[in-house]
Protein chains: 2
Amino acid sequence: MEGTKETEIPDSIRCEFEEKGGIVGIVESLPDDQTIGDIVSVARALSDPVRVRVIFALSVQPMCVCLIVAMTGYAYSKMSYHLSVLKEGGLVCARQEGNYLIYYLTDLGRRVTLWIG
Amino acid sequence: MEGTKETEIPDSIRCEFEEKGGIVGIVESLPDDQTIGDIVSVARALSDPVRVRVIFALSVQPMCVCLIVAMTGYAYSKMSYHLSVLKEGGLVCARQEGNYLIYYLTDLGRRVTLWIG
DNA sequence: CCAACGTTTCAACAATGTTTGAAACAATGG
DNA sequence: CCATTGTTTCAAACATTGTTGAAACGTTGG
């Protein structure tokens, strides 16, 4: 055994694989951890049906929490949790208006909603 | 109170909201459950860093499990689990070659990888 | 047929994510 | 200042996901 090789790999792959620089080459071509982390947090935000519904609804128009709650039938505290996950994923943000909090899509939220739609 | 109205909503939203048909109108404009479910299962597949890394690696070239394992340092059984999540999300599939299983991106997997990259 | 290899499956366990209801907070109107 | 309304926070219960190591499966070569 010489150098970086430890694993046997099938012929059908070996050639292309070595051309690409082997494991080292492929790993180097991967996005950095920060980018991967961003992707993961968006994905997590989208990994629940009610949250997906909410961002689609917000893509129609901004809404206060009371509307979102009325639309989904969820309790305030429950929806508050889901909204916080969407906020952490960078998909929504909120502005205060009097007694109300109005949630709306961020730029990223808009792009994501367009793309998955 | 007349008709569908039960919730007080702030002035800044009311007008636009009623134009869109209120809650009923907005709910009707949402994607159907099947579509939402598909989005969620793709999102879940992407909601772990190692899985995201794997699909990026597979976008460079198909790989047998032993290579993926070597690349990530994960145990076989662990990686096998993550690959099954990616498969359930419809992002990857595999073909057998002799003793090896070679994973590669599906069409959906390719589109997703391109978009998130 | 047997042994070796690549891979998956399984069950127990650990870790994370979600729900619940009560309590707290902030803004408004009286 | 007080009561009310819209919303968040918190901790405890609960549910879903991820990890581990051992055992099983399928394919290959001897």
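Chain naming here is simple, since letters A, B, ... match the order of the sequence lines and numbering starts at 1 in each.
- Distances shorter than 4.0 Å separate some side-chain N or O of B:Tyr103 from OP1 or OP2 on C:dT8.
- Note on A:Tyr81: a base of the nucleic acid sits closer than 4.0 angstrom, heavy atoms only.
- The side chain of B:Leu101 lies closest to C:dT8, out of D:dG18, D:dT7, C:dT8.
- The distance from atom CE of B:Met79 to atom C1' of D:dT20 is 15 Å, rounded to the nearest whole Å.
- Projected onto DNA chain C by closest heavy-atom contact, A:Ala75 and A:Glu97 fall at different nucleotides, the more 5' of which corresponds to A:Ala75.
- As rounded to whole Å, 15 Å separates atom C1' of D:dC25 from atom OH of B:Tyr76.
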Decide salt bridge (Lys or Arg N to Asp or Glu O under 4.0 Å) for A:Lys20 and A:Glu18; before the verdict, give the C-alpha distance in whole Å, the side-chain angles of both, and the deciding distance to 0.1 Å.
CA-CA 5 Å; A:Lys20 303 242 162 91; A:Glu18 292 184 344; over 6 Å; no

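- Taking only side-chain nitrogens and oxygens, B:Lys78 comes nearer than 4.0 Å to OP1 or OP2 of D:dT20.
- Between A:Leu67 atom CG and B:Ile9 atom CD1 the span is 5.0 Å, to the nearest 0.5 Å.
- Distance B:Tyr100 OH to C:dG6 C1': 7 Å, rounded to the nearest Å.
- Atom CG in B:Leu86 sits roughly 12 Å away from atom P in C:dT8 (whole-Å rounding).
- We find that CZ of B:Arg51 is positioned 13 Å from C1' of D:dT19, with the value rounded to whole Å.
- The listed nucleotides are D:dT27, D:dT7, C:dT8; the one nearest the side chain of B:Ser80 is C:dT8.
- An OP1 or OP2 oxygen of C:dT16 is reached within less than 4.0 angstrom by no side-chain nitrogen or oxygen of A:Arg44.
- Heavy atoms of other residues, nucleotides or ligands lying less than 6.0 angstrom from CD of B:Gln34 number 12 at most.
- Rounded to whole Å, the distance from CG on A:Asp11 to P on D:dT27 is 19 Å.
- Between A:Asp33 and B:Arg53 there is a salt bridge, since a side-chain N of the basic residue sits under 4.0 Å from a carboxylate O of the acidic one.
- In the set D:dT9, C:dG6, D:dT7, D:dT7 carries the atom at the smallest distance from any side-chain atom of A:Cys66.
- Cation-pi contact between B:Lys78 and B:Tyr74: present, with separation from the ring centre below 6.0 Å and deviation from the ring axis of at most 45°.
- As rounded to whole Å, 12 Å separates atom P of C:dT19 from atom CG of A:Leu83.
- Nucleotide D:dT8 holds its P atom 7 Å from the NZ atom of A:Lys87, rounded to whole Å.
- The side chain of A:His82 places an N or O atom within less than 4.0 Å of a non-bridging phosphate oxygen (OP1 or OP2) of C:dT19.
- At a cut-off of 3.5 angstrom, counting only N and O atoms as typed in the model, there is no donor on one side facing an acceptor on the other between the side-chain of A:Asn99 and the base of C:dT28.
- For B:Asp48 against D:dG18, no side-chain N or O and base N or O form a donor-acceptor pair under 3.5 Å.
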